[in-house]
Amino acid sequence: TQLLEQSPQFLSIQEGENLTVYCNSSSVFSSLQWYRQEPGEGPVLLVTVVTGGEVKKLKRLTFQFGDARKDSSLHITAAQPGDTGLYLCAAPSYNTDKLIFGTGTRLQVFP
Amino acid sequence: SAVISQKPSRDICQRGTSLTIQCQVDSQVTMMFWYRQQPGQSLTLIATANQGSEATYESGFVIDKFPISRPNLTFSTLTVSNMSPEDSSIYLCSVSGTSAYNEQFFGPGTRLTVL
């Protein structure tokens, strides 16, 4: 069974702090996606990483795919209240059109 | 990316009744997905809906409880039947993008409360 475990489960920080969210699995994935979901909305795709060791930056967000393509991290620099939300990693399920979603990380950034 | 709308956005229903949730996409898509989400938690896939064929349900979900229609390439409905308070949740539809990575685009969700 392919599982994606995220840590931490909850994160509550002050504006301006840095943070890292982890997404881990024992399975190898062909690619991995990160989504952010704000209250009352559906998840929105932030990025897709494809190559082992790949690093992608989206403004203050840095995404990395592990060398073995089993894990990924999301680092946020100088967090802002607008970063508040549920962060989900996801990966294609082997040989299907479905996605496996991670367990989720709830981030709260206080002014 | 596709633009997806859902109706209703929220509803409060009585135990034993049924609610049909609509999902409309602004472009033709092959795959549509229905998820359930407890507030603040991750997504659980209910079923995959392809146009012209029966929906494929995940373990723990059955057609009698969650009948799905997919009459064309831009529309789908999910019915939550004979509701109980345990069905209180957020229901989301999504569609696959056109990339090779199975990226999905989501509707805003339907927040259901069953009393």
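Naming convention: chains lettered A, B, ... in sequence-line order (proteins, then strands); numbering from 1 in each chain.
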Minimal non-hydrogen separation, B:N102 against A:P92, with atom names: ND2-CB, 3.9 Å

Exercise: do B:Q37 and A:Q37 side chains pair donor with acceptor under 3.5 Å: yes

Please check if the number of heavy atoms outside [X] that lie under 6.0 Å from its [atom1] is greater than 12.
X	atom1	answer
A:R60	CZ	yes
A:Y94	OH	no
A:Q80	CD	yes

Which distance, rounded to the nearest 0.5 Å, do you find between the [atom1] of [X] and the [atom2] of [Y]?
X	Y	atom1	atom2	value
A:L45	B:S94	CG	OG	11.5 Å
B:F106	A:Y35	CZ	OH	5.5 Å
B:S42	A:Q9	OG	CD	10.5 Å

Proximity breakdown for [X] and chain A, heavy-atom pairs closer than 4.5 Å:
X	answer
B:Q6	neither
B:Y101	both
B:E103	both

Under 4.5 Å from a heavy atom of chain B, the part of [X] involved:
X	result
A:F10	neither
A:L99	both
A:S30	neither
A:T105	neither
A:V50	side chain

Same apolar cluster (I L V M F W Y, side chains within < 4.5 Å links), [X]/[Y]:
X	Y	result
A:L11	A:Y87	yes
B:L112	B:L92	no
A:L4	A:V49	yes
A:Y22	A:L88	no
B:V25	B:L73	no

Top of A:S93, A:A91, A:G102, A:A90 for chain B proximity - count of heavy-atom pairs under 4.5 angstrom: A:G102

Chain B interface, residue from A:P43, A:S31, A:G40 that has the most non-hydrogen pairs under 4.5 Å: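 The candidate making the most pairs under 4.5 Å is A:P43.
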
Residue selection (most heavy-atom pairs with chain A, distance under 4.5 Å) from B:S9, B:G97, B:G107, B:G40: B:G40

Heavy-atom side-chain contact between B:Q104 and A:Q33 under 4.5 Å: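 No, too far: nothing below the 4.5 Å cut-off.
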
Side chain to side chain contact (heavy atoms under 4.5 Å, CB included) evaluation trace for B:M31 with A:K98: CA-CA 9 Å; B:M31 307 286 292; A:K98 299 183 290 188; over 6 Å; no

A:D97 (side chain) donor-acceptor with B:S96 (main chain) under 3.5 angstrom: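 Not a single qualifying donor-acceptor pair exists.
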
